[in-house]
J.: 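First the structure, which I've put down as structure tokens, then a few questions once you've had a look.
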Amino acid sequence: MEKLQVDNEYYKLYAPDTLKYITEPMNEILIKKITSLNSLFGITNFRKIQINYFDDLEKFRNFVKSFRGSEENSLPEYARGTYDGGMINAYLDNNLIVGSKLYNSKLYMASHELFHIMYMELILKGDYGKRIVWYDEGMAQLMSGEKDYLLDNKSFSDYINMVLETTKEIPNLNNLSHGSNFQTSTYSGYDLSYIAVRFLEETLSDDDFKALMGDYEQIKKYGKNILEEVLDYYRKTRQTTKI
């Protein structure tokens, strides 16, 4: 276990001092996101969370594998954050450029993983078999605040153009799972999941969007063929280029 850095009413944070350049500004962000996530899930408070951050990738992987087992495929090679043990666990580089896009994304890693935890406990009731990966990942990106920089129209248009240019295959979202088919040379499961969920937020009423969290059959219906509609929608509304 790393050094105890924060112990407040919301969470405990264990991390090396080398990560203070991320963890100190993260604290204010996380407390605000805890409030907004409580509102999303319709609760007044959630249990106290433990956060375990590492600046050594091997330490992080070994820690997570202590929950999953030591099998080589138990943790995807690209994984940098998990919620094993009901905790937020992550590897963070200790020399990112402050203010860079990657640095800013790490500021929101805890709120990303917190969404996963709350969704698993409050909606899925601990039943991992009900988890629909694309939806869970899309919601975590949307609700964590990590992609709030895309709320600007120009930034989002540039982002959609990038997704259109790099997406060489349009998968059935329901078939995506963490492992070899989530991030491939022909598409990014993270990008496609995010734009699908953002599309749903923009086109559904607030009540319907919230109700969807527990409507697994409807989520699967969307996942089967929503990407064609989503990409076409954003081509038109954001005046993006075609693939």
Side-chain angles (χ1 to χ4, degrees), residues 57-58 60-85 88-91 101-102 105-106 108-109 112-117 119-120 123-124 126-144 146-147 150 159-201 212-235 240 242-243:
L57 183 57
E58 196 61 28
F60 161 71
R61 293 186 65 82
N62 288 337
F63 181 78
V64 173
K65 285 182 178 180
S66 71
F67 294 93
R68 299 187 177 191
S70 59
E71 295 85 359
E72 217 34 59
N73 63 355
S74 67
L75 184 65
E77 203 58 42
Y78 60 80
R80 296 295 182 268
T82 79
Y83 52 97
D84 291 76
I88 297 168
N89 315 299
Y91 161 75
K101 187 175 292 187
L102 183 56
S105 74
K106 300 308 178 185
Y108 293 91
M109 180 172 273
H112 178 110
E113 299 302 333
L114 180 58
F115 174 85
H116 287 317
I117 290 172
Y119 187 63
M120 176 60 68
I123 304 297
L124 304 182
D127 186 349
Y128 197 85
K130 290 182 178 178
R131 184 184 185 226
I132 301 168
V133 175
W134 73 266
Y135 178 77
D136 196 11
E137 287 297 350
M139 286 290 286
Q141 291 175 82
L142 184 71
M143 297 303 165
S144 66
E146 67 193 80
K147 283 190 163 62
L150 295 176
Y159 174 76
I160 288 295
N161 280 330
M162 179 277 293
V163 173
L164 291 171
E165 289 169 5
T166 57
T167 300
K168 308 302 181 184
E169 173 190 358
I170 299 177
N172 178 329
L173 287 175
N174 294 327
N175 293 336
L176 300 186
S177 60
H178 284 304
S180 61
N181 83 334
F182 200 77
Q183 292 286 101
T184 76
S185 60
T186 57
Y187 62 81
S188 164
Y190 285 106
D191 288 334
L192 296 179
S193 297
Y194 169 73
I195 63 172
V197 168
R198 177 159 171 171
F199 169 79
L200 292 171
E201 183 195 37
L212 184 62
M213 287 196 293
D215 191 342
Y216 316 119
E217 290 307 311
Q218 185 60 49
I219 293 171
K220 289 178 182 177
K221 286 181 182 178
Y222 282 130
K224 187 175 180 180
N225 51 28
I226 196 174
L227 278 180
E228 289 283 3
E229 182 181 359
V230 168
L231 295 174
D232 186 57
Y233 172 83
Y234 285 127
R235 282 191 192 102
T240 52
K242 294 183 178 181
I243 53 173

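Sequential numbering from 1 along the given sequence is applied to the chain's residues.
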J.: Nearest 0.5 angstrom please: Leu114 CG to Ile88 CD1, how far?
T.: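 Reported to 0.5 Å precision, the distance equals 5.0 Å.
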J.: Step through the shown structure and confirm whether more than 12 heavy atoms of other residues, nucleotides or ligands are within 6.0 Å of CD on Glu228.
T.: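 No.
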J.: Whether the side chain of Asp84 engages the backbone of Arg68 through a donor-acceptor N/O pair (distance < 3.5 Å, no angle test) should be reported.
T.: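 Judged by distance alone, no pair lies under 3.5 Å.
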J.: Without swapping roles, check the side chain of Arg131 against the backbone of Leu124 for a donor-acceptor pair under 3.5 Å.
T.: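 Checked: no pair found.
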J.: Identify the heavy atoms of Ser177 and Val133 that sit nearest to each other, and give their distance.
T.: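 Smallest heavy-atom distance, with atoms named: CA-CG2, 4.3 Å.
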J.: Closest approach of Ile219 and Met213, non-hydrogen atoms and distance?
T.: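 Looking at all heavy atoms of both residues, the closest pair is CD1-O, 4.1 Å.
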J.: Taking the side chain as everything from C-beta on, heavy atoms only, tell me whether Tyr159 gets closer than 4.5 Å to Ile195.
T.: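 Yes, side chains in contact.
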J.: Would you indicate whether the side-chain heavy atoms of Phe182 and Pro76 approach each other to under 4.5 Å?
T.: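 Contact flag for Pro76/Phe182 side chains = no.
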J.: On the 0 to 90° scale, with breaks at 30° and 60°, tag the Phe67-Phe63 ring pair as parallel, tilted or perpendicular.
T.: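 If you compare the ring of Phe67 with that of Phe63, the planes turn out perpendicular.
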J.: Let me see the working for His112 and Glu137 under side-chain hydrogen bond (donor to acceptor under 3.5 Å, both in side chains), right down to the final yes or no.
T.: CA-CA 9 Å; His112 178 110; Glu137 287 297 350; 3.2 Å; yes
J.: Ring-plane angle category for Tyr78 and His178, please: parallel below 30°, perpendicular beyond 60°, tilted otherwise.
T.: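 Correct class here is tilted.
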J.: Testing Asp215, Leu200, Val230 for side-chain contact (heavy atoms from CB on, under 4.5 Å) with Tyr222, which one passes?
T.: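 Exactly one candidate clears the test, Leu200.
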J.: Heavy atoms, side chains only, cut-off 4.5 Å: are Arg80 and Leu57 in contact?
T.: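 Arg80 reaches Leu57 side chain to side chain.
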J.: Show the nearest heavy-atom pair for residues Ala140 and Glu146, with the distance to one decimal.
T.: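 Closest pair (atom of Ala140, atom of Glu146, distance): O-OE1, 3.7 Å.
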J.: What I'd like to find out is whether the side chain of Leu164 reaches to under 4.5 Å of the side chain of Arg235, using heavy atoms alone.
T.: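 The answer is yes; the side chains approach within 4.5 Å.
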J.: From Glu113 CD over to Tyr108 OH, what is the distance, rounded to the nearest 0.5 angstrom?
T.: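 Answer for the CD-OH pair, Glu113 versus Tyr108, is 16.0 Å.
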J.: Distance check, rounded to the nearest 0.5 Å: Gln141 atom CD versus Leu150 atom CG?
T.: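 Those atoms lie 10.0 Å apart.
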J.: Over 60° means perpendicular and under 30° means parallel, so tell me whether Phe60 and Tyr91 are parallel, tilted or perpendicular.
T.: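 Tilted: the ring planes of Phe60 and Tyr91 meet at 30° to 60°.
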J.: Rounded to the nearest 0.5 Å, how far does CD1 of Ile160 lie from CG of Asp191?
T.: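 The CG atom of Asp191 sits 8.5 Å away from the CD1 atom of Ile160.
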J.: Parallel, tilted or perpendicular: which fits the ring planes of Tyr135 and Tyr119, with parallel below 30° and perpendicular above 60°?
T.: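 Correct class here is tilted.
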J.: I need the minimum non-hydrogen distance between Trp134 and Ser193, along with the two atoms involved.
T.: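 Closest approach of Trp134 to Ser193: O-CB, 3.2 Å.
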J.: To check you understand the geometry: which heavy-atom pair defines the closest contact between Glu229 and Phe199, and what is its length?
T.: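 Glu229 and Phe199 have their closest heavy atoms at OE2-CZ, 3.5 Å.
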J.: Provide the closest heavy-atom pair for Leu176 versus Gly189 in the form atom of the first, atom of the second, distance.
T.: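 Heavy atoms only, the tightest pair is CD1-CA, 4.0 Å.
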J.: For the CD atom of Glu201 and the CE atom of Met143, what is their distance to the nearest 0.5 Å?
T.: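 Here the interatomic distance stands at 5.0 Å.
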J.: Working to the nearest 0.5 Å, report the span between NZ of Lys130 and OH of Tyr216.
T.: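 Lys130 atom NZ to Tyr216 atom OH measures 4.5 Å (nearest 0.5 Å).
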J.: Under the criterion side chain to side chain contact (heavy atoms under 4.5 Å, CB included), I'd like the reasoning laid out for Tyr187 against Val163: C-alpha separation, chi angles, the key distance, then a yes or no.
T.: CA-CA 8 Å; Tyr187 62 81; Val163 173; over 6 Å; no
J.: Where do Arg198 and Lys147 land on the side chain to side chain contact (heavy atoms under 4.5 Å, CB included) test, with the steps shown first?
T.: CA-CA 10 Å; Arg198 177 159 171 171; Lys147 283 190 163 62; over 6 Å; no
J.: Taking the side chain as C-beta and beyond, is there a heavy-atom pair between Thr167 and Leu227 under 4.5 Å?
T.: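 Result no, sub-4.5 Å side-chain heavy-atom pair not found.
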